[in-house]
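Computed from a predicted model, the values in this text were never measured in an experiment. Only heavy atoms go into these numbers, but all of them, side chains included; no hydrogens, no water, no symmetry mates.
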Amino acid sequence: MELHIKSEFECAYLINGVFYERADSLTMSEYDVAYITVLPLKHTLLPYTVKLSGAESVSDELCFGTRLDADNYLLSLSPRHITVYNSAKKGYTAPPQSSPIARLFSLVKSGDLTTAYDMLSEELKSTLDKNDLGAFFADFDRIAECYWENGARFYLIDKNGVAKLHSYTLKDEFIDDIVEL
């Protein structure tokens with residue numbers, strides 16, 4: 001099983017005592033227990049440790065881990081701030097350098113359907129309206145891009161941690177199609 005760790009901030013990792021600068025794709029058994037210590041590179045963030053017991057799902061204010069498919073497990077990490085923060089569930093916000101599909105998902109989830117709709121090609125716009133776009137992503141809470149492989153693939157993850165693999169195509173830098181695989 002491949003463990004993919006995605007952080008919303010710059011950091012290094014100690015995984016079972018071994019230092020890693022990146023943890024995009026690590027091979028582990030689905031029965032292994034892994035202790036992942038997150039070491040932020042920004043002085044205003046605090047380190048913390050996450051325990052993964054095999055391929056079970058984890059979810060709290062700082063991390064979300066789920067089995068994407070038989071071969072891939074994704075662990076998404078949020079920053080731990082020095083100040084007290086509201087533990088209410090926050091929405092997904094795509095980083096500025098993210099892919100078009102992550103930005104589209106972020107815009108739809110934030111309620112900005114007009115800007116999201118403008119990211120679609122004219123052909124795709126002719127087959128659906130803004131409400132259809134919102135309805136397509138309505139049942140999903142997270143997106144996980146497959147940055148570990150070539151191609152425009154991503155998982156949409158629902159509130160129960162169930163992941164569904166999708167792909168998208170671009171035409172002149174606009175999203176032209178989204179297909180569940």
Side-chain angles (χ1 to χ4, degrees), residues 1-11 13 20 22-30 34 36 52 54-59 63-78 89-181:
M1 177 177 77
E2 294 293 313
L3 170 63
H4 308 284
I5 301 176
K6 186 77 171 169
S7 301
E8 297 176 8
F9 54 98
E10 285 187 89
C11 64
Y13 311 94
Y20 291 88
R22 295 178 56 196
D24 296 342
S25 188
L26 304 171
T27 302
M28 66 181 276
S29 167
E30 65 182 275
I36 301 160
L52 291 182
E56 70 181 27
S57 296
V58 295
S59 181
C63 67
F64 176 81
T66 190
R67 185 90 180 244
L68 298 173
D69 57 33
D71 299 323
N72 296 286
Y73 184 94
L74 175 70
L75 179 65
S76 300
L77 303 171
S78 299
K89 190 173 181 181
K90 63 176 186 166
Y92 176 83
T93 303
Q97 74 278 12
S98 62
S99 73
I101 198 66
R103 288 192 306 273
L104 178 74
F105 183 81
S106 179
L107 289 167
V108 169
K109 287 303 186 181
S110 69
D112 190 355
L113 293 176
T114 301
T115 305
Y117 196 68
D118 290 341
M119 293 183 67
L120 306 179
S121 69
E122 292 302 321
E123 291 82 12
L124 188 54
K125 284 181 188 177
S126 69
T127 63
L128 54 94
D129 63 22
K130 292 178 193 174
N131 294 328
D132 295 332
L133 183 60
F136 180 78
F137 291 110
D139 294 335
F140 301 103
D141 290 344
R142 295 181 170 273
I143 186 169
E145 297 177 76
C146 298
Y147 54 86
W148 54 86
E149 63 179 57
N150 293 331
R153 293 179 175 214
F154 63 98
Y155 287 91
L156 289 175
I157 304 167
D158 68 17
K159 65 181 176 199
N160 298 320
V162 176
K164 294 184 179 181
L165 183 61
H166 292 75
S167 70
Y168 69 98
T169 56
L170 294 177
K171 182 177 181 183
D172 300 325
E173 298 188 31
F174 292 96
I175 295 172
D176 193 48
D177 197 14
I178 301 172
V179 178
E180 183 175 346
L181 301 175

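- Shown here for Phe64 and Gly161, the closest heavy-atom pair between the two residues is CZ-CA, 4.4 Å.
- For the pair Leu26 and Tyr20, the minimum side-chain heavy-atom distance is below 4.5 Å.
- Using modelled atom types and a 3.5 Å distance limit, the side chains of Asp118 and Thr115 yield no donor-acceptor pair.
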- prompt: Under the side chain to side chain contact (heavy atoms under 4.5 Å, CB included) criterion, do Phe105 and Phe154 qualify, and how do the steps go?
  reply: CA-CA 11 Å; Phe105 183 81; Phe154 63 98; over 6 Å; no
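- Scored by the side-chain hydrogen bond (donor to acceptor under 3.5 Å, both in side chains) test, Glu2 finds Ser25, Thr27 as partners (sequence neighbours excluded).
- Inter-residue side-chain proximity for Leu120 and Asp176 is flagged as unmet; no heavy-atom pair is nearer than 4.5 Å.
- The shortest side-chain heavy-atom distance between Leu104 and Leu133 falls under the 4.5 Å cut-off.
- Here CZ of Arg142 is found 11.5 Å from NZ of Lys109. Values are rounded to the nearest 0.5 Å.
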message: Pair Ile143, Phe137 - check side chain to side chain contact (heavy atoms under 4.5 Å, CB included), show working.
response: CA-CA 10 Å; Ile143 186 169; Phe137 291 110; 5.7 Å; no
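- Taking every heavy atom of both residues into account, Lys130 and Thr114 meet most closely at NZ-OG1, 3.3 Å.
- A salt bridge links Arg67 and Glu30; the closest N-O separation between the charged side-chain nitrogens and carboxylate oxygens is under 4.0 Å.
- The backbone N or O of Asp129 lies less than 3.5 Å from a partner atom in the side chain of Asp132, making a donor-acceptor pair.
- Taking every heavy atom of both residues into account, Leu77 and Tyr13 meet most closely at CD1-CE2, 3.8 Å.
- Judged as a side chain to side chain donor-acceptor pair (under 3.5 Å), the pairs with a partner in residues 160-173 (not counting sequence neighbours) are, in order, Glu123-Lys171.
- Atom OH of Tyr117 and atom CG of Leu107 lie 15.0 Å apart (nearest 0.5 Å).
- Leu156 contributes atom CG, which lies 10.5 Å from atom CG of Asp141 (distance to the nearest 0.5 angstrom).
- For the atom pair Leu181 CG and Tyr155 OH, the distance stands at 9.0 Å (nearest 0.5 Å).
- Atoms CD1 and CG, from Ile175 and Leu124 in turn, are 8.5 Å apart once rounded to the nearest 0.5 Å.
- Distance check: Ile101 CD1 to Glu145 CD gives 8.5 Å after rounding to the nearest 0.5 Å.
- Of all heavy-atom pairs between Val108 and Gly134, the closest is CG1-CA, 3.9 Å.
- A donor-acceptor contact shorter than 3.5 Å is absent between the side chain of Ser106 and the backbone of Ala102.
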Ile157/Leu68 under side chain to side chain contact (heavy atoms under 4.5 Å, CB included): CA gap, chis, key distance, verdict: CA-CA 8 Å; Ile157 304 167; Leu68 298 173; 3.9 Å; yes
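- Taking both residues in full, the closest heavy atoms of Leu74 and Ala144 are given as CD2-CB, 3.0 Å, listed atom of the first, atom of the second, then distance.
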field: CA sep, side-chain torsions, deciding dist, call: Tyr73, Leu52, side chain to side chain contact (heavy atoms under 4.5 Å, CB included)
entry: CA-CA 10 Å; Tyr73 184 94; Leu52 291 182; 3.6 Å; yes
